[in-house]
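Here the structure comes first, spelled out in structure tokens, and everything after it is commentary.
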Amino acid sequence: MSKSASQHEKNTSQNKTAASSPPMTASRPPRVLVGMSGGVDSAVAAYLLKEQGYDVIGVTMQIWQDEREDEHTPESSCCSLSAVEDARRVAQTLDIPFYVMNFKDYFRETVIDYFVREYRAGRTPNPCIACNRYVKFEELMRRARLMGCEYVATGHYALIEADPATGRTLLKKSVTDRKDQTYALYQMTQEQLRHTLMPLGRYHKEDIRLIAAGLKLPVADKAESQEICFVPDNNYGRFIEEYDGTIAEKGLFKDQTGTPVGTHKGVIHYTVGQRKGLGLAMGTPVYVTDILPDRNEVRIGSQEDLMASGLFAGDLNFIPYNTLPATTRVTVKIRYNATAVPGTGALTEDGRLQVLFDAPQKAVTPGQSVVLYDGDLVVGGGVIQERIR
RNA sequence: UGGGAUAUAGCCAAGUCGGUAAGGCAGCGGACUUUGACUCCGUCAUGCGCAGGUUCGAGUCCUGCUAUCCCAG
């Protein structure tokens with residue numbers, strides 16, 4: 001608490017920027033490619049890096065939006081054409097080179113295809129994690145190298161720090177727990193972390209807005225983006241059906257005993273823990289407890305039926321070490337905006353991650369990621385495969 | 001077509017000696033949110049099967065009708 005208080009006392013940028021100058025290895029300052037979404041965060045990130053002396057290049061990735069859609073795109077969508085224009089104006093204001101790059105095919109393959117495939121399989125994907133992993137820190141970084149950039153930078157609220165003891169690069173929570181975005185970054189490799197800058201990790205959102213306002217950036221009071229960027233109207237079910245042209249097949253809601261209690265609209269429309277939109281008047285609130293795509297069945301039950309004592313996860317990545325050393329005490333996030341809860345993590349013989357919670361948790365959802373923390377340090381995580389009751 | 005019971009919002013349901021329609025679920029709206037999750041807040045019957053009657057006043061009493069259920073046929 002005292003930490004964040006002291007952060008507030010500092011003036012918005014002057015002291016801090018001076019304290020963290022770039023590593024001037026040669027005569028030329030290192031070049032950094034800043035991924036600019038058109039929002040206020042990445043705009044200020046670009047500004048901070050420029051102030052710190054980096055050779056900053058602004059890039060907006062075209063990942064989805066078609067030209068014809070620009071008129072009706074809500075402002076909250078992070079990658080719309082209007083967002084491109086916002087980013088361009090910011091770059092002009094900051095006097096940095098600005099480019100728009102086409103990532104549509106790559107984004108489609110690594111994010112949208114995955115997103116649709118997972119929902120079809122009865123899981124709940126997190127497209128932001130896939131986008132970070134493959135698009136921002138793999139493909140964008142690859143292209144950054146081609147442009148002679150040492151680093152890729154983003155407006156994520158997270159900290160990247162070298163650990164002199166081990167030589168590894170660590171990922172830590174931002175000083176603002178509320179805005180912390182490390183959950184969506186846990187898949188980053190050592191190589192990626194070494195070449196990534198996240199200058200916002202030491203700031204609070206309010207500071208960022210103040211800085212943006214002080215610079216008269218055109219996006220200073222732009223709304224937060226909220227929904228999945230490629231589903232601007234938030235109707236992801238319709239998006240999936242239009243994307244692959246397959247209408248979701250209706251099926252049965254069943255209770256915990258297997259008794260049919262209603263008809264569902266198709267497996268893709270549900271996520272574990274969901275209560276709203278079921279249309280089931282059971283006299284007491286009911287939640288989705290399991291999605292069984294093989295039987296096209298959605299199981300519902302009470303809050304108690306939602307509880308889990310732990311989970312198994314695959315597709316693992318660890319950051320302070322190559323693999324989880326032993327049974328480890330951690331705090332655990334099982335959903336993007338869940339609070340971290342205490343538990344233990346361990347690897348199974350078949351190489352999966354087993355997490356056991358100290359206290360039962362609600363709505364462990366296959367397809368979502370579990371991220372392990374040791375205090376502010378991101379230990380790693382993986383994709384949830386199944387819950388342990 | 002003998003007897004009994006019940007008919008209150010989409011569902012369940014309270015409604016006392018007649019006094020001016022609880023609550024839950026669902027729905028809808030909003031807050032929160034980098035997942036249509038959770039959570040929270042707000043909203044939701046000028047009307048109680050239909051038609052009459054009694055009364056200052058009826059969901060509550062009376063009459064008739066209709067529907068459904070149960071028992072007997």
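So that the names make sense, note that chain A is the first sequence line, chain B the second, and so on, each numbered from 1.
- A:Lys276 places its NZ atom 6 Å from the P atom of B:A26, with the value rounded to the nearest Å.
- Of the candidate nucleotides B:C25, B:A37, B:G36, B:G36 has the atom lying nearest to any side-chain atom of A:Asn235.
- Here the nucleotide nearest the side chain of A:Asn337, chosen from B:G10, B:A37, B:U39, is B:A37.
- Side chain to side chain, A:Tyr183 and A:Asn337 fail the donor-acceptor criterion of an N or O pair below 3.5 Å.
- One interatomic measurement links the two molecules: CG of A:Asp305 to C1' of B:A37, which rounds to 17 Å at whole-angstrom precision.
- Distance noted for atom C1' between B:C50 and B:G59: 14 Å (whole Å).
- A:Thr271 comes within 4.0 angstrom of sugar-phosphate atoms only, judged by non-hydrogen atoms across all strands, and of no base.
- Rounding to whole angstrom units, CG of residue A:Leu278 and P of B:C28 are separated by 11 Å.
- Spacing between atom CG of A:Leu306 and atom C1' of B:A37 amounts to 10 Å, rounded to whole angstrom units.
- Annotation: A:Phe103 is not in aromatic contact with A:Phe107 [ring centroid separation under 6.0 Å not met].
- Comparing B:A58 with B:G52, their C1' atoms sit 14 Å apart, to the nearest whole Å.
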Intermediate values then yes/no, side-chain hydrogen bond (donor to acceptor under 3.5 Å, both in side chains), A:Tyr54 and A:Glu150
CA-CA 10 Å; A:Tyr54 287 93; A:Glu150 177 78 4; over 6 Å; no
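- On the P atoms, B:U60 is 11 Å away from B:G18, given to the nearest whole Å.
- B:A5 and B:C61: their P atoms are spaced 13 Å apart (whole Å).
- Nucleic acid contact class of A:Leu280 (heavy atoms, under 4.0 Å, all strands): sugar-phosphate only.
- At the heavy-atom level, A:Tyr270 lies nowhere under 4.0 Å from the strands shown.
- Remark: P of B:C11 and CZ of A:Phe253 are 19 Å apart, rounded to the nearest angstrom.
- The side chain of A:Tyr287 places an N or O atom within less than 4.0 Å of a non-bridging phosphate oxygen (OP1 or OP2) of B:U39.
- One atom, NZ of A:Lys265, and another, P of B:G36, lie 12 Å apart when rounded to the nearest Å.
- The separation between A:Gln274 atom CD and B:A26 atom P is 12 Å, rounded to whole Å.
- For A:Asp180 (side chain) and A:Ser174 (main-chain N/O), a donor-acceptor pair under 3.5 Å exists by modelled atom type.
- An OP1 or OP2 oxygen of B:U39 is reached within less than 4.0 angstrom by a side-chain nitrogen or oxygen of A:Arg275.
- Taking the centre of each ring, A:Tyr236 and A:Tyr119 come in below the 6.0 Å mark.
- In terms of position on RNA chain B, the residue among A:Tyr183 and A:Gly283 whose nearest nucleotide sits closer to the 5' end is A:Gly283.
- Rounded to the nearest Å, the gap between the C1' atom of B:C28 and that of B:U66 is 34 Å.
- Nucleotides B:G4 and B:G42 place their C1' atoms 45 Å apart, quoted to the nearest Å.
- For the pair A:Val286 and A:Gln181, both in contact range of RNA chain B, the more 5′-proximal nearest nucleotide belongs to A:Val286.
- Exactly one of A:Glu139, A:Glu138, A:Glu191 qualifies for a salt bridge (Lys or Arg N to Asp or Glu O under 4.0 Å) with A:Arg145. That residue is A:Glu191.
- Rounded to whole Å, the C1' atom of B:U33 lies 16 Å from the corresponding atom of B:C41.
- Classification of the A:His156-A:Phe137 ring pair by plane angle, with boundaries at 30° and 60°, yields tilted.
- Note on A:Pro285: only backbone sugar-phosphate atoms sit closer than 4.0 angstrom, heavy atoms only; bases stay farther off.
- Checked for salt-bridge contact, A:Arg209 and A:Glu206 miss the test: no charged N lies under 4.0 Å from a carboxylate O.
- Comparing the C1' positions of B:A21 and B:A14 gives an interatomic distance of 10 Å, to the nearest angstrom.
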Nucleotide pairing, RNA chain B (Watson-Crick or G-U, distances under 3.5 Å), in dot-bracket with [ ] and |:
.(((((((.[[[..)...(...]]].(((((.......))))).....[[[[[..)....]]]]]))))))..
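- We find that A:Arg329 and A:Asp358 are joined by a salt bridge, their nearest charged nitrogen and carboxylate oxygen being less than 4.0 Å apart.
- What separates CG of A:Asn126 from P of B:G36 is a distance of 10 Å, to the nearest Å.
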